Amino acid sequence: MTKSTGLNKIKTAVFISGKGSNLKNLIKFSKFKKYPFTVNLIFSNTNKAKGLKYSKKYKIEKKIIGYDKTIRTDKRILRILNQKEIKLICLAGFMKILSKNFIKKFKGKIINIHPSLLPKYKGLNTHIRAIRNKEKFAGCTVHYVTSKLDSGKIILQKKVEISKKDDHYSLAKKVLKKEHLIYPAAIKKILN
Ligand code: GAR
């Protein structure tokens, strides 16, 4: 991983598929001096991603490419990342699984935020499953991306208590608040 020297900020690309609240939050933190990164590219696999609106709002370039895991598409995306001198990819609600080839080409420089206390509840519908299993705690994890789904080295994790009143909507809200705390902190941790 290229580290920040304190003078230069590390250029990142944020990959999204949806609302983009984590994206918005990362953009906010990137403007603080203490956070050693800038968001230089917003990438989405779909033009339906609501978070794409932050491209215009914050004047950050966006790219929309349907992700089909082919070598051709991987090359196209990697070319864009290289052109923009992106050194770190932050997956933030990106709902596609990157190909092994892509992960290899950007090795050690892709991180993800996942809405569970990994290694518990990899994959989808984490909150529904946690409530169904009567877990006392839920949470979120920032981790490195490897070719094994939601299994790379953990960078930061935060717990929240599941109350009796919680359904998966209220739990998702509670967890998302914590996501907004740990994602920028995790980036700072690995770049400093
Ligand atoms: C977040 O809760 C994130 O952890 C989750 O999608 C949501 C995106 O919200 N990611 C995954 O489930 C990845 N497997 P956002 O678009 O508002 O940032």
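Predicted model only: the values in this text are computed from it and were never measured. If you read the sequence from its start, that first residue is 1, and numbering goes on from there. One-based numbering, in listed order, for ligands and for the atoms of each.
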Minimum-distance protein heavy atom relative to atom 2 (O) of ligand 1 = Glu179 OE2, 2.8 Å
query = Mind checking whether Ile16 has a heavy atom under 4.0 Å from ligand 1?
reply = no
query = If you measure from the Lys or Arg side-chain nitrogens to the Asp or Glu carboxylate oxygens, is any gap between Lys84 and Glu61 under 4.0 Å?
reply = yes
key: Salt bridge flag under 4.0 Å for residues Arg129 and Glu135   = no
remark   = In this structure, atom 11 (C) of ligand 1 is nearest to the protein heavy atom Pro115 CD, 3.7 Å
ask   = N/O to N/O below 3.5 Å, does that happen between Asp150 and ligand 1?
value = no
message = Looking only at the side chains, is there a donor atom on one of Ser151 and Lys122 sitting less than 3.5 Å from an acceptor on the other?
response = yes
task = Could you check which of Ala92, Gly123, Gly51, Gly20 puts a non-hydrogen atom nearest to atom 16 (O) of ligand 1?
result = Gly20
task = Verify side chain to side chain donor-acceptor pair (under 3.5 Å) between Tyr121 and Asp150, making sure each step is shown before the conclusion.
result = CA-CA 9 Å; Tyr121 305 110; Asp150 298 330; over 6 Å; no
key: Closest protein heavy atom (residue, atom, distance) for atom 17 (O) of ligand 1   = Ser21 OG, 2.6 Å
message = Considering non-hydrogen atoms of the protein only, which is the closest contact for atom 14 (N) of ligand 1, and what is the distance?
response = His114 ND1, 3.7 Å
ask   = Does the side chain of Phe43 reach to within under 4.5 Å of the side chain of Leu81, using non-hydrogen atoms?
value = no
task = Measure the distances from the heavy atoms of Met95 to every atom of ligand 1 and state whether one is below 4.0 angstrom.
result = yes
request  = Quick one: look up the protein heavy atom nearest atom 6 (O) of ligand 1 and list residue, atom name and how far away it is.
outcome  = Gly93 CA, 3.7 Å
ask   = Are Lys177 and Glu179 ion-paired here, with the side-chain N under 4.0 Å from a carboxylate O?
value = no
query = Salt-bridged, Asp166 to Lys174, with N to O below 4.0 Å?
reply = yes
query = What atoms of ligand 1 come closer than 4.0 angstrom to any heavy atom of Lys19?
reply = 16 (O), 17 (O)
Pair Thr126-His114, side-chain donor/acceptor within less than 3.5 Å = no
request  = For ligand 1, note which part of Leu91 has a heavy atom under 4.0 Å away: side chain, backbone, both or neither.
outcome  = neither
